[in-house]
Amino acid sequence: MALPERPEAFVDWILLWREAEKMELYEKESYRYKVDVFRKVWSLMLLKQEEIDSQIVNPPREELWKDYLNDYAPRLSLRMVRVADPEKVTPMQSAVESGHTLAEAAVFAKVTNVADLMDNSGFLRPQRIPEPLRRAVRQLPLGQIAGPVNWENAWYFLEVLERESVSEEDFQKNRDTLTRSWQKKKSAELTAALVEKAKVKYEVSIDQEVVEAIGFEPLDAKLAAQPAVFLGDDVIRAQAIADLLAKERTTRPNADMATLRQGVINDMLAQTLTGLEALDRHYETKPPFSHTFKFYQQHRLIKELEKEIFWPQIKISEEDIRQAYQQNIELYSSGGMVELAQIQTREKDLARQLSARLSAGEDFYALMRPLAPRGVQTEKIPLNHLSSPVREIVADMVQGETRSWETPEGETFFIKVVRLDLLPSLPLEQVSETIRQTLRQSRYEKVRSQYVDILRERSTIKVNERVWKNIREQLVKEAEPNATF
């Protein structure tokens with residue numbers, strides 16, 4: 001948005017804000033709610049910036065290399081057999097220990113399900129291999145078999161077919177991903193440290209007896225009302241934890257109840273404590289956020305004024321909508337397709353001669369040859385894609401018609417409509433809501449303008465032109481794309 005040359009718009013804004021203050025609209029519940037939400041959201045972002053984001057720097061190479069060796073290299077190609085039946089584990093293990101290959105051992109143990117037999121996994125990075133299986137194969141020599149390894153209700157026997165060597169090239173290829181992963185871990189560590197400090201500051205304590213009584217079953221009324229977590233004078237009751245536990249269960253149905261419950265409590269504490277700490281920093285009283293916060297308060301007061309004074313005056317009837325539709329029906333045309341020839345020139349004398357001859361009925365294509373030596377080209381284009389005023393002129397023409405006109409810039413256009421397929425206007429029912437919103441906005445502007453005029457008449461307004469000029473020049477400079485701060 002371009003900065004205005006004059007300060008009138010800003011003066012109007014000040015008048016509306018002060019009027020809202022006089023009316024004590026800051027007492028409105030809707031105002032207080034909006035401002036409170038704004039303060040909470042921004043305070044959390046500023047706390048994160050101060051305590052976490054500002055502490056995360058580019059990671060040292062040695063730490064990235066350590067993560068690379070742990071999660072990315074070496075890549076392994078594996079042969080695996082999955083044994084789901086506990087009675088087949090011992091026969092499988094005995095066959096392997098007797099020197100049989102995995103394929104032979106699987107036949108011996110009667111493991112025949114194709115889904116349980118993987119002859120070659122292809123190269124896998126360590127992070128893609130489940131942790132118990134990863135530990136078993138990380139140092140396993142080629143050709144040897146590890147197992148049985150228990151994971152997710154089954155037992156695995158594994159053989160390393162190939163181990164890809166670690167390389168600087170592969171490390172560099174994955175460096176950006178490693179960096180993001182390192183920063184994410186660092187962020188989690190700093191967040192955990194912040195929460196631990198907040199637990200001490202806000203005197204957090206947990207009633208383990210109440211917490212351990214919370215499960216997947218509905219709580220009785222007495223237990224539901226029991227405080228489970230204490231934060232100074234505030235409490236989190238058992239029912240609140242049970243409600244979140246039920247929601248968490250729907251997304252992680254296979255996790256055990258104790259793990260889910262502890263996760264819910266940890267998340268509740270993290271959210272509550274960071275929220276309390278963010279508000280306790282009172283960022284809204286310190287620059288630079290204090291300026292933004294003050295502006296938002298003023299902005300919300302004006303919104304309350306609009307809701308209180310302006311919008312109740314604005315009534316749009318169905319008849320208003322119908323009349324607006326009829327008076328501006330061309331705005332609601334969905335257009336159509338047009339095939340046309342279009343030539344333009346700045347040669348005024350030639351243009352006048354050609355226009356006269358066109359009016360006399362001479363052939364368009366023959367007359368345009370001096371302006372289009374290679375022949376007149378036609379194009380098919382949606383009518384609504386034509387620029388104004390060409391679109392309006394073409395819409396008023398009929399198929400086969402030719403027309404010429406001169407623009408204010410001194411160019412002459414020649415157009416021949418070869419084919420014109422106009423579509424009917426959109427029905428009123430389809431555009432009525434759009435018309436309603438347009439009418440509401442235009443009437444709002446009128447009501448606002450009249451109200452501001454009254455405020456201006458009641459006020460003494462003086463503009464220090466020198467100060468305004470300096471402020472505007474500074475704002476323009478700061479708005480430049482390459483401005484530095």
Side-chain angles (χ1 to χ4, degrees), residues 1-2 4 9 12-13 16 30 33-34 37 299-300 302-344 355 358-359 361 364-365 368 376-409 411-453:
M1 179 179 175
D12 293 347
W13 191 86
L16 291 170
S30 54
Y33 172 77
K34 291 278 189 179
V37 169
H299 168 72
R300 288 311 318 172
I302 293 175
K303 289 297 180 184
E304 291 296 331
L305 180 70
E306 292 173 353
K307 189 166 65 173
E308 189 86 4
I309 304 294
F310 300 168
W311 291 114
Q313 301 181 50
I314 299 167
K315 308 294 183 184
I316 308 297
S317 68
E318 294 302 316
E319 179 60 23
D320 293 333
I321 295 172
R322 189 190 67 77
Q323 288 184 13
Y325 176 76
Q326 293 295 340
Q327 292 167 6
N328 302 279
I329 198 164
E330 71 280 355
L331 297 177
Y332 308 108
S333 169
S334 55
M337 290 295 295
V338 60
E339 182 180 357
L340 78 166
Q342 186 176 182
I343 305 293
Q344 61 197 73
S355 296
L358 269 179
S359 299
F364 178 86
Y365 296 101
M368 292 299 112
V376 176
Q377 303 297 315
T378 64
E379 61 175 335
K380 292 181 179 180
I381 186 170
L383 182 63
N384 288 341
H385 287 193
L386 292 172
S387 60
S388 183
V390 177
R391 179 176 61 251
E392 291 78 12
I393 292 170
V394 170
D396 193 45
M397 296 172 68
V398 297
Q399 192 164 297
E401 184 180 354
T402 60
R403 194 174 293 187
S404 66
W405 76 96
E406 187 176 340
T407 70
E409 293 77 23
E411 273 193 306
T412 299
F413 280 78
F414 298 91
I415 284 184
K416 180 179 180 66
V417 173
V418 178
R419 182 179 178 85
L420 183 60
D421 297 314
L422 294 179
L423 296 176
S425 298
L426 296 171
L428 175 58
E429 306 79 54
Q430 195 169 333
V431 295
S432 61
E433 189 55 34
T434 300
I435 296 173
R436 184 189 306 277
Q437 294 305 321
T438 301
L439 290 175
R440 275 174 58 82
Q441 186 61 33
S442 65
R443 293 187 186 180
Y444 159 80
E445 296 292 346
K446 183 178 179 180
V447 170
R448 183 185 186 276
S449 177
Q450 291 171 344
Y451 194 81
V452 168
D453 287 343

**OP:** Determine the interplanar angle of the Tyr451 and Phe310 rings, folded into 0 to 90°, and report it as parallel if under 30°, tilted if 30 to 60°, perpendicular if over 60°.
**Re:** perpendicular
**OP:** Let me see the working for Ile435 and Ile316 under side-chain contact (heavy atoms from CB on, under 4.5 Å), right down to the final yes or no.
**Re:** CA-CA 10 Å; Ile435 296 173; Ile316 308 297; over 6 Å; no
Quick one: [atom1] on [X] to [atom2] on [Y], what's the gap to the nearest 0.5 Å?
X      : Y      : atom1 : atom2 : result
Ile393 : Glu401 : CD1   : CD    : 10.5 Å
His299 : Lys34  : NE2   : NZ    : 9.0 Å
Leu305 : Arg300 : CG    : CZ    : 12.0 Å
Leu439 : Gln323 : CG    : CD    : 10.0 Å
Asp421 : Met337 : CG    : CE    : 8.5 Å
Tyr444 : Arg448 : OH    : CZ    : 5.0 Å

Going by heavy atoms in the side chains, are [X] and [Y] under 4.5 Å from each other?
X      : Y      : value
Val417 : Glu339 : no
Phe414 : Ser355 : yes
Gln441 : Thr438 : no
Trp405 : Thr412 : no
Phe413 : Thr407 : yes

**OP:** Ignoring hydrogens and angles, state whether a donor on the side chain of Lys303 or Ser30 is under 3.5 Å from an acceptor on the partner side chain.
**Re:**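 The answer is no; no qualifying pair exists.
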Original post:
Are Glu433 and Gln437 linked by a side-chain donor-acceptor pair shorter than 3.5 Å?
Top reply: yes
Backbone N/O of [Y] and side chain of [X]: donor-acceptor pair under 3.5 Å:
X      : Y      : answer
Gln313 : Ile309 : yes
Lys416 : Gln342 : no
Glu406 : Glu411 : no
Arg403 : Ile415 : no
Arg436 : Ile321 : no

**OP:** For side-chain contact (heavy atoms from CB on, under 4.5 Å), just list the numbers for Val398 and Leu420, CA-CA rounded to whole Å, side-chain angles, deciding distance to a tenth of an Å, and then say yes or no.
**Re:** CA-CA 7 Å; Val398 297; Leu420 183 60; over 6 Å; no
Subject >> Leu340: which of Val418, Thr378, Ile381 passes side-chain contact (heavy atoms from CB on, under 4.5 Å) >> reply: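 Of the listed options, the one satisfying the test is Ile381.
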Original post:
Between Asp320 and Arg322, is the closest basic N to carboxylate O distance under 4.0 Å?
Top reply: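 No salt bridge links Arg322 with Asp320.
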Original post:
Using 4.0 Å as the upper bound for N to carboxylate O, is an ion pair formed by Glu445 and Arg443?
Top reply: no
